[in-house]
2 protein chains.
Amino acid sequence: MSYEMTLTALADPTRRHLLERLRDGPLAVSALARDLPISRPAVSQHLKVLSDAGLLLVEPAGTRRLYRLAPEGLDDLRAWLDRLWGDALDSFAARAHDIAREIARKETPQ
Amino acid sequence: MSYEMTLTALADPTRRHLLERLRDGPLAVSALARDLPISRPAVSQHLKVLSDAGLLLVEPAGTRRLYRLAPEGLDDLRAWLDRLWGDALDSFAARAHDIAREIARKETPQ
DNA sequence: TCATTTCGTAAGACATGACTTACCGTAAGT
DNA sequence: ACTTACGGTAAGTCATGTCTTACGAAATGA
C-alpha cells in the first residue's frame, strides 16, 4: 500500500527472491519453499509481508494458495521515487560547485 | 551502487527523511542533525550508508562536508524494478483466473 | 600555538526482525 | 469417518542493525 511498506518488503533478500520467482507466474507456498534454505513457515511469513505491502495477490485453489505479483504493487513507490528524484535535482547538480563555493565563503547555509 | 544496497538504504525512515531534506539542496551534517531526534554521529552513520549505496555525493567545504543527492543514484534500482514488473506481468494478470483453474485441476504446477 | 567547530569512527547497549518448532484449521481422497 | 497434504499463526531464539557516548583528526580563527 504505502511506499514505506513497499520499501520494507523489498529490503529483504529472501523476499526479493520470492518476487523474482513469481515473475514467471503464480506459485503455491510449498513450491516457493522448495528451493529455499528456510522453512515453509518462514516463507509464509515473508509472503504475508509482501501481501500486506500490496506486492502480491492470493488466490485459493483447493488446499493451496497461489501467490502472484500484484500489477499495481509498485505504483506508490514509483511515485515517491519520482517525486524525490525530480527535475529540480538536475539543476542543483549543475550548480553544485557554485553552491559549494558559496557555502565555503559562509554565505549559505549552516 | 547495486540495487540491493539501494533498497537497504531506502528501508530506514530516518534515511528517507535525510533524502527528503536534501531534495532542496546540499546541506552539512550538523544542519541535517538539527531537526532530528537522534545524535549527530547517528546521522553520520546514516549518511555513510546512503553514500555507500550511491545515493549521496559529498563535497568538503572547510570543516564541513556538504551532502547532496546523487543524480544517478536510483538508476540501478529503477532498472531492477522495471525488469521485475515487466510487460509479461500484465498478460499473466489477464490470465490469472484461467491459470488458477488449471492448477486447481492439477494440470500445473506443484 | 591554542581554542573552537565540524565530523568520522570505535565500542557497547538495545530494539527489531528473521528464523525455528509446535500446533491448529481446512480441503481433498479413500 | 479417517488420513493426508497444504498452509497460517504462536512462542521463543538468535542475528542484525540502529542507537548511544567517547574519542581523535582536520580546518578555521584569535
Side-chain angles (χ1 to χ4, degrees), chain A residues 4-19 21-22 26-53 56-68 100-110, chain B residues 4-19 21-22 26-53 56-68 100-110:
Chain A
E4 291 98 334
M5 293 181 66
T6 308
L7 285 170
T8 300
L10 292 178
D12 183 83
T14 301
R15 286 197 286 268
R16 288 195 297 266
H17 180 86
L18 289 171
L19 292 176
R21 285 221 49 199
L22 292 172
L27 284 175
V29 180
S30 301
L32 288 168
R34 214 177 303 276
D35 63 332
L36 280 175
I38 60 176
S39 69
R40 182 197 49 76
V43 173
S44 273
Q45 290 162 7
H46 282 304
L47 291 172
K48 175 167 175 49
V49 173
L50 290 167
S51 299
D52 289 348
L56 294 185
L57 301 175
V58 200
E59 179 139 18
T63 67
R64 290 176 275 189
R65 292 165 62 90
L66 300 175
Y67 286 87
R68 62 186 177 92
R101 283 173 51 207
E102 290 175 15
I103 293 172
R105 289 190 284 124
K106 303 272 185 59
E107 295 179 358
T108 355
Q110 1 228 352
Chain B
E4 292 98 333
M5 293 181 68
T6 307
L7 285 170
T8 300
L10 292 178
D12 183 82
T14 301
R15 287 195 288 266
R16 288 195 297 266
H17 181 86
L18 289 171
L19 292 177
R21 285 221 52 200
L22 292 172
L27 283 174
V29 180
S30 300
L32 288 167
R34 215 176 303 274
D35 63 330
L36 280 175
I38 61 176
S39 69
R40 183 200 49 77
V43 173
S44 273
Q45 289 161 9
H46 282 303
L47 291 171
K48 174 167 175 49
V49 174
L50 290 166
S51 299
D52 289 348
L56 294 185
L57 301 176
V58 199
E59 179 139 18
T63 69
R64 291 176 274 189
R65 292 163 63 90
L66 299 175
Y67 287 86
R68 60 186 179 95
R101 282 173 52 207
E102 290 175 16
I103 293 172
R105 288 190 284 123
K106 304 269 183 59
E107 295 178 358
T108 356
Q110 1 227 356

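In this text the structure is predicted, and so the values were computed from the model without any measurement.
Side-chain N or O atoms of Arg21(A) include one that pairs as donor or acceptor with a backbone N or O of Ala31(A) at under 3.5 Å. Between the side chain of Arg68(B) and the backbone N or O of Glu59(B), no donor-acceptor pair lies under 3.5 Å. At least one donor-acceptor pair under 3.5 Å links the side chain of Arg16(B) to the backbone N or O of Ala11(B). Not a single donor-acceptor pair under 3.5 Å links the side chain of Arg15(B) to the backbone N or O of Leu10(B).
For Ala28(A), the listed nucleotide lying nearest its side chain is dG7(D); candidates were dG7(D), dC19(D), dC7(C).
In this model, no side-chain donor or acceptor of Arg65(A) finds a partner on the base of dG7(D) within 3.5 Å.
At the phosphate of dT21(C), neither OP1 nor OP2 sits under 4.0 Å from any side-chain N or O atom of Ser39(A). Remark: His46(A) is not in phosphate contact with dG17(C), judged by side-chain N or O atoms under 4.0 Å from OP1 or OP2. In this structure, Thr8(B) does not reach the dT16(D) phosphate: none of its side-chain N or O atoms is under 4.0 Å from OP1 or OP2. Under 4.0 angstrom from either OP1 or OP2 of dG8(C) there lies at least one side-chain N or O belonging to Tyr67(B).
Along DNA chain C, the nucleotide closest to Arg40(B) and the one closest to Gln45(A) are compared, and the more 5′ of them pairs with Arg40(B). Each of Pro41(A) and Thr63(A) lies near DNA chain D, and the nucleotide nearest Thr63(A) is the one positioned closer to the 5' end.
Look at CZ on Arg34(B): it is 13 Å from P on dT5(C), rounded to the nearest Å. Between the CZ atom of Arg64(B) and the P atom of dT4(C) there is a distance of 18 Å, rounded to whole Å. Atom pair Leu56(A):CG and dG8(D):C1' shows a separation of 15 Å (rounding to whole Å applied). Rounding to whole angstrom units, CD1 of residue Ile38(B) and C1' of dC14(C) are separated by 15 Å. Nucleotide dC19(C) holds its P atom 6 Å from the CG atom of Asp12(A), rounded to whole Å. The CG-P distance, from Leu18(B) to dC7(C), rounds to 13 Å in whole Å. As a whole-Å value, the separation of Asp52(B) CG from dG17(D) P is 13 Å. When the C1' atom of dT9(C) is taken as reference, atom NZ of Lys48(B) falls 10 Å away, rounded to whole Å.
Nearest heavy atoms, Tyr67(B) versus Leu22(B): O-CD2, 3.2 Å.
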